[in-house]
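Letters A, B, ... are given to chains in the order of the sequence lines, protein chains preceding strands, and every chain is numbered from 1. Both backbone and side-chain heavy atoms feed into the values below; hydrogens, waters and symmetry mates do not.
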2 protein chains.
Amino acid sequence: MSNKNKANITELLRASKLSITDTRVKILELFMNSNGALEHSSFEKLAGQTFDRVTVYRTLQTFLDKGIIHSIPTTDTSIRYALCKSECTEHNHHDHHVHFKCEECGNTICLDDTDVPEIHLPKGYAMHNIDVVVSGVCKQCK
Amino acid sequence: MSNKNKANITELLRASKLSITDTRVKILELFMNSNGALEHSSFEKLAGQTFDRVTVYRTLQTFLDKGIIHSIPTTDTSIRYALCKSECTEHNHHDHHVHFKCEECGNTICLDDTDVPEIHLPKGYAMHNIDVVVSGVCKQCK
DNA sequence: CATTGTTTGCAACTTAGTTGCATAATATGA
DNA sequence: TCATATTATGCAACTAAGTTGCAAACAATG
Ligand SMILES: [Mn+2]
Ligand SMILES: [Mn+2]
Ligand SMILES: [Zn+2]
Ligand SMILES: [Zn+2]
């Protein structure tokens, strides 16, 4: 982990008015060093260090609340989490990108450059958020 | 439950080469009488009758395998299930519709007439399935 | 209606997620 | 830098979710 990233993390936490703790820094490092979305179990067995399950749950919830990470829906029992872009704030998320889950390697990634197309709901429905999850085979697994 | 629906259910099970059992019929009745997607807990505490949790899990899995129902992804721990349209078969699902989850009433419904728009993935990705889940406020809750 | 294969329910288990509370760590400002 | 107030963490104990093996019950078939 570079010093640059360490500084980023500190800044990110400060900007969200969160105190800078070991767990939070380590979990953010993990996010930054991974190129896919992470599921809950990834955090407990992290690099020698063990984090209490409860702390991980609470940390992820805090990050969600603050708009630091977003969650990606699944039909199995493993919700995934990924870092939000810097434009996301506590009350205004901008995660309008598509998520891709590879059926081969199981990896889930954010396709940041693939826009979510417009959806026209029937009359009477108010839209707050759209989640698009595409499954298939990824670049690497082809 | 009308006789017509009972006949439909029997036919549906037979078409999928599944034997006609109490649990399967009751769970399909529940689907047909509900206008939203159902989560797992809905099935256990059904109308006086109690179903074993294990049986419910196995029945839903069987229905998924046979293309009788489809699952709707969530970011909480309550995957929802809904009946497939008749065109769905074991190896060829046609669930290209949008799902809507109301943040007020919690209800999840299939917007059967709202098509999933085309998505253009980056080069190298093969698409098998698209899930679109919109959250917001539904007709009734407005 | 007897036989065969499938489905169910139970027990026992694993994994996931929650809550309360005492202790430890962080932020702040004197 | 240090004392204090505030917040985060870890532990214990719990509830909920999901899985597996196996014996008994049931449905399909001729
Ligand atoms: Mn994402
Ligand atoms: Mn649907
Ligand atoms: Zn892959
Ligand atoms: Zn509603």
Side-chain cluster (under 4.5 Å, hydrophobic types only) that A:Val133 belongs to, other residues: A:Ile72
In whole angstroms, the gap separating C1' of C:dA12 from CG of B:Asp52 amounts to 13 Å
Spacing between B:Ile27 atom CD1 and C:dT7 atom P, to the nearest angstrom: 13 Å
Take the protein atom CZ of A:Arg24 and the nucleotide atom P of D:dT7, then report the distance between them rounded to whole Å. 11 Å
For atom CG of A:Leu60 and atom P of D:dT9, their distance in whole Å: 11 Å
Just how far, in rounded Å, is P of C:dG9 from CZ of B:Phe51? 8 Å
Output all residues satisfying side chain to side chain contact (heavy atoms under 4.5 Å, CB included) with A:Thr10, sequence neighbours left out; order by chain, then residue number. A:Arg14, A:Ile20
Looking at residues at least two apart in the chain, or sitting in another chain, which of them share a salt bridge (charged side-chain N to carboxylate O under 4.0 Å, His left out) with A:Asp112? A:Lys85
Taking five pairs at each end of the helix from C:dC1-D:dG30 to C:dA30-D:dT1, what angle separates the two helix axes (nearest 10°)? 40°
Looking for any heavy atom pair under 4.0 Å, which part of the strands does B:Thr23 touch: base, sugar-phosphate only, or nothing? sugar-phosphate
Would you say A:Ser16's side chain and A:Leu12's backbone share a donor-acceptor pair under 3.5 angstrom? yes
Could you note down all residue pairs passing salt bridge (Lys or Arg N to Asp or Glu O under 4.0 Å) where residues 125-142 of chain A supplies at least one of them, sequence neighbours left out? none
Could I get the full list of side-chain hydrogen bond (donor to acceptor under 3.5 Å, both in side chains) partners for A:Ser34, not counting sequence neighbours? none
If you look at every heavy atom in B:Ile130 and B:Pro117, which pair is closest and at what distance? CD1-O, 4.3 Å
With sequence neighbours excluded, give me every salt bridge (Lys or Arg N to Asp or Glu O under 4.0 Å) pair touching residues 99-111 of chain A. A:Asp76-A:Lys101
Can you name the atoms? Protein N/O to nucleotides 15-24 of chain C N/O, anything below 3.5 Å, with the distance.
unit_1 : atom_1 : unit_2  : atom_2 : d
C:dG17 : OP2    : A:Tyr57 : OH     : 2.9
C:dG17 : O5'    : A:Tyr57 : OH     : 3.3
C:dG17 : N7     : A:Arg53 : NH2    : 2.6
C:dG17 : O6     : A:Arg53 : NH2    : 2.8

Residues at least two apart in sequence or cross-chain that pass ring-ring contact (aromatic ring centres under 6.0 Å, His included) with A:Tyr81, listed by chain then number, are none
Just list the side-chain donor-acceptor pairs under 3.5 Å for residues 52-64 of chain B, sequence neighbours left out, or say none.
unit_1  : atom_1 : unit_2  : atom_2 : d
B:Asp52 : OD2    : B:Val54 : N      : 3.0
B:Thr59 : OG1    : B:Thr55 : O      : 2.7
B:Gln61 : NE2    : B:Asp65 : OD1    : 2.9
B:Thr62 : OG1    : B:Arg58 : O      : 2.8

Between atom CG in A:Asp65 and atom P in D:dA8, what is the gap in whole Å? 11 Å
Could you write nucleotides 25-30 of chain D as a row of B, S and -, 5' to 3', where a protein heavy atom under 4.0 Å of any base atom gives B, of only sugar-phosphate atoms gives S, and otherwise -? --SS--
Test side chain to side chain contact (heavy atoms under 4.5 Å, CB included) applied to A:Thr77 - qualifying residues, sequence neighbours left out: B:Thr77
Selection from C:dT7, D:dT9, C:dT8 that lies nearest to any side-chain heavy atom of B:Thr55: C:dT8
